[in-house]
Structures are given as C-alpha cells and as structure tokens.
Colleague: 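Please find one structure pasted underneath; my questions will follow.
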There are 2 protein chains.
Amino acid sequence: MAMNEYIRQLLSSGEHDFLPSLSVDCVILGFHENQLKVLLLKHRYMDIWALPGGFIYKDEPTDAAAMRVLRERTGLNEIFLRQFYIFGEPERSQREFHIRDLEKDGINVNDDHWILQRFVTIGYYALVEFSKVNLLPYTIAEKSMWWDIHDLPEFMLDHRKILDKAIETLRIQLNYQPIGYNLLPEKFTLTELQNLYETILDKNLDRRNFQRKIISYQILRRLNEKKKGVPHKSPYLHSFDIEKYNDALNKGFNAGW
Amino acid sequence: MAMNEYIRQLLSSGEHDFLPSLSVDCVILGFHENQLKVLLLKHRYMDIWALPGGFIYKDEPTDAAAMRVLRERTGLNEIFLRQFYIFGEPERSQREFHIRDLEKDGINVNDDHWILQRFVTIGYYALVEFSKVNLLPYTIAEKSMWWDIHDLPEFMLDHRKILDKAIETLRIQLNYQPIGYNLLPEKFTLTELQNLYETILDKNLDRRNFQRKIISYQILRRLNEKKKGVPHKSPYLHSFDIEKYNDALNKGFNAGW
DNA sequence: ACAAAAGTGTTACTTTTACACCCATGA
DNA sequence: TCATGGGTGTAAAAGTAACACTTTTGT
C-alpha cells in the first residue's frame with residue numbers, strides 16, 4: 001500500500017531531512033456556494049480530521065514549507081498565504097496518537113524517534129479559489145474534503161483551535177485589509193463579495209452601504225459585462241484592480257488614529 | 001570568568017535540555033521620558049546589539065520560555081507578552097557568527113554542534129513599566145541597555161527586522177486594542193498616555209480629540225488626585241479600570257464592519 | 001405575469017476634525 | 001508675573017446607518 005510505504009520513508013529519512021520539533025499546519029480556506037469552506041484530511045484510522053500539515057526541510061524557509069504543503073494538497077501555486085500564530089504548548093497527546101497509529105500500520109519506532117517528539121507548529125492560512133483547486137491524492141491521508149465552516153467534524157489534536165484562531169485573525173484583518181482576491185473567481189459580482197464578507201464576519205450587511213464602502217476603497221473595477229444565466233436581473237461583474245489591491249494590502253485601511 | 005563558564009555549560013547541556021532549532025526573541029519595550037525604549041544586549045565582542053533571546057526547554061510552552069527570558073532580564077513577572085511573528089528564513093550568517101565568537105571564547109565546537117544549526121525564532125513583544133525594571137546581570141552579554149526607539153545602534157543578524165516588525169504590529173493593534181497598562185505607572189496623566197500613543201504612531205495627535213476618544217472607550221478612571229511637583233498646572237491623575245481594560249483587550253474596538 | 005435579486009439616493013445620526021481661551025502652577 | 005502645559009466646548013465636515021422603490025431576468 002502506497003500510504004504505508006510513504007510513512008516508512010518519512011519516518012526513516014525525516015530526521016535527516018527536516019528541522020526537528022517544528023511543523024507547519026495550513027488552514028486552507030475556499031469560498032463556494034456562498035459558504036466558506038476549509039480543506040481537511042481524514043485521519044487514516046479514525047473518523048477525525050486534520051489540517052494539512054507538514055515538516056520543514058532543513059534549508060527551507062518556513063513560508064516555503066507551507067507553500068509546498070499547499071501545492072501538494074491543492075495543486076495551486078502563488079496563492080495568498082500568511083502565518084498567523086504559533087502553537088507551542090507541549091502536546092502530550094500527539095505522542096500517544098502516533099504510537100497507536102504506527103502500531104496499526106505495522107510499524108515500530110523507538111521511543112525516542114523524532115516523530116514522537118514534541119512539535120511546535122506554525123499556523124498558516126491560505127485563501128484559495130475554490131473552483132481552481134484539484135484535490136490531489138496524498139499518501140498520508142485516506143481522504144481529503146472541503147468542509148463548511150459552520151458544519152465541522154471532529155478534529156485531531158488541537159486543530160480546531162488552530163482553525164478558530166485563523167478565522168479570528170481573518171476577521172480582524174478584514175478591518176484593515178482588503179480580501180477576496182484568490183478567494184473569488186477572476187470576475188465576480190458585488191453580492192458575491194458581500195457574501196464572502198458576511199460569511200467571514202458571520203453577520204448580515206446592508207447591501208447599499210456595503211457597496212458604497214467597498215467601492216470607496218477603490219480596489220474594484222466594474223466590467224462592462226453582466227453575469228448571465230442567473231435566475232433574476234443580471235448583475236454587473238467586477239474584478240480587482242490588482243495593483244491598488246496590493247497597495248491596500250500593504251498600507252491598510254481605517255488607520256483609526 | 002562567569003560568562004565563559006555559562007557558555008560552556010549552555011553548549012554542553014543545551015542539546016539535552018532545549019528544543020532544537022527553535023528560539024525566542026523578545027522585543028522588550030518600555031516608556032520613559034516620553035520616549036519608547038527597547039532593551040538590548042550588547043554582543044560580547046562587538047559593538048552590535050541583540051534582542052534578549054533564549055531557548056525553549058523541551059517541556060516548556062513557548063510563551064513560558066519568552067516569559068522566562070523576560071524575567072531573567074528585567075526581574076518582572078506577569079507582564080504583557082505576546083508573540084507576533086516567526087522568523088523562519090534559514091539564516092546562514094548565524095553560523096559564522098557563533099563560530100567566530102566561540103573561537104574568541106577559546107571554545108571549540110564540532111561542526112554539527114546544535115548551536116550551529118539553523119534556528120527559527122519566535123518573536124515576542126513585551127510591554128513593561130520602565131520604572132519597575134531592574135536590569136539584572138546576565139552572563140551571556142556584556143551589558144544591557146535601554147535604547148530610544150528613534151536612535152538605535154547596529155543590530156546583530158536580523159534583529160532590526162524583528163524590532164521593526166514588532167513596532168509595526170503594535171501600531172496596527174493600537175487600532176483595535178487598548179494599550180498603556182504595563183507601560184505606564186499605576187497613576188498617569190492623559191498627556192502621558194497621549195505621548196505613548198504619539199510615540200508608537202510616530203505622529204502628533206490633537207489633545208482634546210485624543211482625550212475625548214480615549215475616554216469614550218471607558219477604560220479609564222479619573223482619580224481625585226492631581227500630579228504634584230510639575231512645573232505648570234497640575235493635571236489629573238488617571239488609572240486604568242483593569243476589568244474594562246481587559247474586556248476591551250478581548251473584544252477590541254472599532255469593529256469597522 | 002410573477003418571483004426574486006439588482007440597481008440606485010436621501011435623510012438622520014454619529015463621529016471626526018479643527019480650532020482658542022482661560023486657569024493653575026513653579027520658577 | 002511670566003511662561004507653560006492643563007482643562008474645556010463647539011461648529012463644520014465627513015462618515016455611517018437606516019431605509020424603499022423600480023428594473024431586469026428566467027421561469
């Protein structure tokens with residue numbers, strides 16, 4: 001079985017290849033059918049789910065490691081990726097977790113094996129365009145799947161906490177940064193953008209006020225094109241003015257003081 | 001020489017005691033004479049300065065490690081401490097740095113010694129009440145000193161980048177969080193608080209507007225007491241309503257959306 | 001023709017900004 | 001008594017919030 005082979009390989013070469021004690025975990029968020037989705041991997045023996053994560057090569061920047069994990073899972077490159085927190089509690093449970101799993105794999109490891117050591121994990125979140133993602137096969141997990149943010153399964157270890165922290169961070173950043181590029185398709189309607197905001201904030205916004213405000217940021221271009229095939233009046237399509245969008249990402253809105 | 005002894009000890013027991021590849025660095029900020037100050041340690045052979053940093057014990061939460069570093073340097077406990085970024089580039093220069101220094105110490109280490117490996121560092125910032133700090137002797141540095149944020153020396157490695165990132169983070173957080181507790185004495189004037197804001201933001205604020213806004217947050221109590229011995233009209237003293245202050249820390253101001 | 005989302009403006013209210021005078025104190 | 005920072009209010013401007021009707025489209 002490929003998975004088993006993969007694990008054996010990882011276990012034997014990992015100590016040599018990877019930074020010890022450190023991992024990355026990615027909260028990969030996509031937007032689909034007006035709902036925010038997160039990509040999770042199923043544990044190989046239990047019906048619990050984990051964030052896609054991985055280790056860091058000894059000469060690899062941590063950001064690059066997170067990007068690599070992302071690429072491995074989604075096939076996407078150059079997506080929006082940002083570290084948001086480090087989870088550095090000594091998690092005792094991880095140890096028992098691994099031992100139990102490896103036993104079921106028919107693999108024995110020494111008690112001081114690197115995989116059993118404590119890991120500090122760097123949390124990254126990524127915003128991806130749902131429609132562009134092809135879930136790639138992966139050897140370490142049985143299955144990967146998008147989950148609605150409002151309807152989540154049981155999580156492995158503290159991964160629920162990591163996800164919650166990512167969304168909390170995103171919610172705060174919404175107040176001084178634009179969002180949407182990488183989460184929405186190239187062309188989108190203002191209502192779609194508003195739905196994204198509403199989903200992240202988990203509250204309703206007034207349509208006209210939302211439009212006025214978002215337009216005042218000057219990061220949008222209204223196209224001479226309307227969305228076709230929708231059951232009602234055709235809305236205008238918009239796209240981001242990527243230069244101004246990136247400007248806004250750097251400078252931020254709402255100085256406050 | 002105590003420093004040398006300390007280093008030998010650290011080098012020999014470190015691999016056993018500490019998480020490999022990971023360190024913490026603390027940006028310790030204090031406020032004094034209306035200026036924001038940062039605590040730096042002098043390198044033992046060169047006239048360059050470093051952030052106080054340290055390693056993480058194998059069973060120690062990363063936050064606790066940062067707190068410990070802080071305590072070792074300032075004698076303070078229970079201060080405001082927050083992780084703000086991870087610096088995870090493979091920094092090649094560190095290696096040559098250590099080799100050169102240890103040579104001067106008359107210490108030889110193997111090429112694969114743990115101290116020569118790549119370290120990912122977790123950046124923490126701390127806000128401390130300047131007047132309460134007693135700079136404690138420390139064996140690894142020749143000298144420690146408060147530096148004005150606007151007048152800084154040459155830094156070791158990428159520590160300048162870490163400091164800049166800490167201040168940038170602080171500046172952003174000022175827009176949705178209160179600040180001042182732990183940086184100001186128990187009783188302070190509104191002007192002192194305003195000076196703190198002005199220093200962090202690096203710009204001037206209107207006195208009346210500042211007061212109106214800060215009072216509207218309802219985190220302050222005006223005391224029936226005035227500051228004495230100042231060369232002009234005695235200003236009222238204020239203190240934080242710590243319950244409301246902490247509430248505000250959790251909930252945040254300026255929702256924006 | 002009907003149901004449903006899209007487009008659009010105005011008014012009241014709140015918040016922010018800009019600005020100036022008198023007062024209290026120590027030197 | 002003088003110099004200096006402290007205390008205080010208001011008016012104009014900007015921004016935010018609340019709200020409703022007409023248009024367009026697919027069915």
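Because the structure is predicted, anything quoted here is derived from the model rather than measured. Quick note on labels: first sequence line is chain A, next is B, and so on, each numbered from 1.
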Colleague: Tell me whether B/Lys203 is salt-bridged to B/Glu198, with the criterion being a basic N under 4.0 Å from an acidic carboxylate O.
Modeller: no
Colleague: If I take atom NZ in residue B/Lys226 and atom P in nucleotide D/dG7, what distance separates them, rounded to the nearest angstrom?
Modeller: 7 Å
Colleague: Suppose we call two aromatic rings close when their centres sit under 6.0 Å apart. Are A/Phe80 and A/Tyr181 close by that rule?
Modeller: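 No, they do not, as the ring centres are separated by 6.0 Å or more.
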Colleague: Could you state the atom-to-atom distance from CZ of A/Phe210 to C1' of C/dT8 in whole Å?
Modeller: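 After rounding, the reported distance stands at 16 Å.
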Colleague: Using only modelled atom types and a 3.5 angstrom limit, is any donor from either the side chain of A/Arg208 or the base of D/dA20 paired with an acceptor on the other?
Modeller: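 Counting by modelled atom types and ignoring angles, a donor-acceptor contact under 3.5 Å is found here.
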Colleague: Does A/Pro235 reach a base, just sugar-phosphate, or nothing at all? Heavy atoms under 4.0 Å.
Modeller: sugar-phosphate
Colleague: Please compare A/Gly229 and B/Gln211 by the position of their nearest nucleotide in DNA chain D and report the one closer to 5'.
Modeller: B/Gln211
Colleague: Rounded to the nearest Å, what distance is computed from the CG atom of residue B/Leu237 to the C1' atom of nucleotide D/dG5?
Modeller: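 Computing the B/Leu237:CG to D/dG5:C1' distance gives 15 Å.
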Colleague: Give a yes or no on whether a donor-acceptor pair under 3.5 Å exists between the nucleobase atoms of C/dA4, that is its base, and the side chain of A/His232.
Modeller: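 Indeed there is one.
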Colleague: Do you know which of B/Trp146, B/Trp147, B/Phe130 makes ring-ring contact (aromatic ring centres under 6.0 Å, His included) with B/His32?
Modeller: B/Phe130
Colleague: By nearest atom, which of the nucleotides C/dA6, D/dA18, C/dC19 is closest to the B/Asp206 side chain?
Modeller: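 Among the listed nucleotides, the one closest to the side chain of B/Asp206 is C/dC19.
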Colleague: Take atom CD1 of A/Ile214 and atom P of C/dA6, then tell me their distance rounded to the nearest Å.
Modeller: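 It works out to 16 Å between those atoms.
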Colleague: Take atom NZ of B/Lys227 and atom P of C/dA24, then tell me their distance rounded to the nearest Å.
Modeller: 20 Å
Colleague: Taking atom P of D/dT23 as reference, at what distance in whole Å does atom OH of A/Tyr236 sit?
Modeller: 14 Å
Colleague: Would you call A/Lys187 and A/Glu192 a salt bridge, taking side-chain N to carboxylate O under 4.0 Å as the test?
Modeller: no
Colleague: From the set C/dG7, C/dA18, C/dT16, return the single nucleotide nearest to any side-chain atom of A/Arg222.
Modeller: C/dG7
Colleague: Hey, does the side-chain of B/Arg212 have a donor or acceptor N/O within less than 3.5 Å of a partner on the base of D/dT10?
Modeller: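 Pair found.
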Colleague: Whole angstrom is fine here: how far is it from CD1 in B/Ile215 over to C1' in D/dG9?
Modeller: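 Rounded to whole Å, this separation is 13 Å.
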Colleague: Does B/Arg207 get its side chain close enough to the base of D/dG7, under 3.5 Å, for a donor-acceptor pair?
Modeller: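 A donor-acceptor contact between them is present.
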Colleague: Is the OH atom of A/Tyr197 crowded by more than 12 outside heavy atoms at less than 6.0 Å?
Modeller: yes
Colleague: By nearest nucleotide on DNA chain D, pick out whichever of A/Ser234 and B/Lys233 is the more 5' one.
Modeller: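 So the residue in question is B/Lys233.
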Colleague: Indicate, with a heavy-atom threshold strictly under 4.0 Å, whether A/Thr191 touches base, sugar-phosphate, or nothing.
Modeller: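 If one applies the 4.0 Å heavy-atom cut-off, A/Thr191 turns out to touch the sugar-phosphate alone, with no base involved.
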Colleague: Please report, rounded to the nearest Å, how far the P atom of D/dA18 is from the NZ atom of A/Lys213.
Modeller: 12 Å
